[in-house]
Amino acid sequence: MSNETQDLAAPAEMAARLVNPASFGDPATLHADLAWLRGHQPVSLVDTAGVDPFWLVSRHGDIMDIERQPDIFRNGDLSTVLIGSPMLKAVENATGCPHLTRNMVNMDGAEHRAYRSLVQSWFMPGNVKKLTDDIREIARAHVDRMMGLSGECDFVADVALHYPLHVIMSILGVPEEDEQRMLMLTQQLFGARDPELSRKADAMADPDTAIKVFGAVVADFHAYFSNITANRRAEPRDDLATIIANAMIDGKPIDERAANDFYILVATAGHDTTSASTAGAIWALAERPALLAEVKANPDLIPALVDEAIRWVTPVKHFMRAVARDHEVNGHHYKAGDWVMLSYMSANRDEAVFDDPFEFRLDRPANKQIAFGYGPHLCVGQHLARLEMKTLFEELLPRIESLEIAGEPAWTQATLVSGPKRLPIRFTQS
Ligand code: HEM
């Protein structure tokens, strides 16, 4: 490390916390770290045990400027998620690339555009709107179920986990009886280091064990989706699975692995994130009776509630980029080969962009949250996620009178996707 670089290093204790999945169980401490970095070292070198060194970019504006330059800050060349360097090598040995699965998230340029365009129009607001009635029916069924729980429940386990799961699985054409399996596999992938969710959390620090566990989870997904691919090729239907199974790139059908990795992306990205934001909104309302009364009295505030909950939780904590050539952004010199973390978790509390960023407020004139990222990889499912959340609150809020926290909530211990893992609440019905 040069002296100049050393000056930009994040303090050692902070660096260790920022890469430790367990720290994400205590977001307040991490938020304090990130606020310090935004104020003192907005682009900070994190050089700590277990991971290759990387630049942590903590300010909203810097992240947007980086995402505007996808030819320089690339997704395909290094891991797009923070994994330890021994694990990265194990992944490379197993898959021949730095990614456990290869999907549009870790593609660049023309290849990324080709894969994204296969489903982009399907996810546009005009098309997603057609699902409104189906989504409302699913939302109502989940609210009915909650109302049957005699005024107390774990909102995560009883409502938030299942509702977006059911929506995305019906969109993908996965039968209801297989949803639990999909949920378990997703949690084993995203919560691999969380003792309550992982197949083997205690052994995941060992890269050989970790790659076997991840490999087994991915193989389970593949085995499942191979059947769906075969089925939709033989009997096409009007669903997203049929679009993926029969997708063509450059005039040729995509191969089975590409199709399977595509399903895995949609099946995993499409529910945990939305569940986390939904639970975050209920948590915020349970702690703020006046806000609950305000939204109940004025349902036009629901879209603002949705966007603020997404900002508040920011379920996807980061994505990584690899620097293709030496380049300067806002005074920081990146070198070819550098690994860069875009910390959405930090950006969404950036005091330069949000008044009172640590307040949950519905009066943000235009909520500039970037929980869905920005630029060419901007979340393709954002309109669906917003519609799902809005519909659930439209159904739920008129039916509850009061809400309160009724036990110790907990957060998922994961560096990539983390949100409320347990949310005991007490409620009375209207
Ligand atoms: C990409 C967040 C819901 C599918 C992303 C990215 C983020 C994100 C941060 C990467 C953006 C970037 O690199 O700039 C979220 C959040 C959600 C959510 C916070 C819920 C609140 C969904 C849903 C789907 C979905 C419901 C539906 C299937 C995808 C896909 C990509 C993506 C396919 C890859 C886009 C690309 O690489 O071009 N999402 N997402 N997401 N998301 Fe979401």
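For ligands, and for the atoms within them, numbers begin at 1 and follow the listed sequence. Note that the coordinates shown come from a computational prediction; the quantities given were computed from them, not determined experimentally.
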Among protein heavy atoms, which lies nearest [atom], and at what distance?
| atom | answer |
| --- | --- |
| atom 10 (C) of ligand 1 | Phe319 CE1, 3.3 Å |
| atom 13 (O) of ligand 1 | Arg321 NH2, 2.8 Å |
| atom 37 (O) of ligand 1 | His377 ND1, 2.7 Å |
| atom 32 (C) of ligand 1 | Cys379 CA, 3.8 Å |
| atom 18 (C) of ligand 1 | Thr273 OG1, 3.4 Å |

With a 4.0 Å cut-off on heavy atoms, is [X] touching ligand 1?
| X | result |
| --- | --- |
| His112 | yes |
| Ala276 | no |
| Tyr115 | no |

Smallest heavy-atom separation, Ile83 atom then Val51 atom, equals O-CG1, 4.1 Å

*asked:* Check this for me: does any side-chain nitrogen of one of Asp108 and Arg74 sit under 4.0 Å from a carboxylate oxygen of the other?
replied: yes

For [X], take its heavy atoms, then give the atoms of ligand 1 lying under 4.0 Å from any of them.
| X | value |
| --- | --- |
| Gly373 | 9 (C), 11 (C), 12 (C), 14 (O) |
| Val105 | 34 (C), 37 (O) |
| Val316 | 2 (C), 9 (C) |

Show the numbers, then the answer: is there a side-chain hydrogen bond (donor to acceptor under 3.5 Å, both in side chains) between Thr186 and Asp272?
CA-CA 8 Å; Thr186 305; Asp272 244 24; over 6 Å; no

Of Ala269, Ala371, Gly280, Gly375, the residue with the heavy atom nearest atom 2 (C) of ligand 1 is Ala371

Closest to atom 28 (C) of ligand 1 (heavy atoms only, candidates Thr314, Val266, Val313, Ile310) is Val266

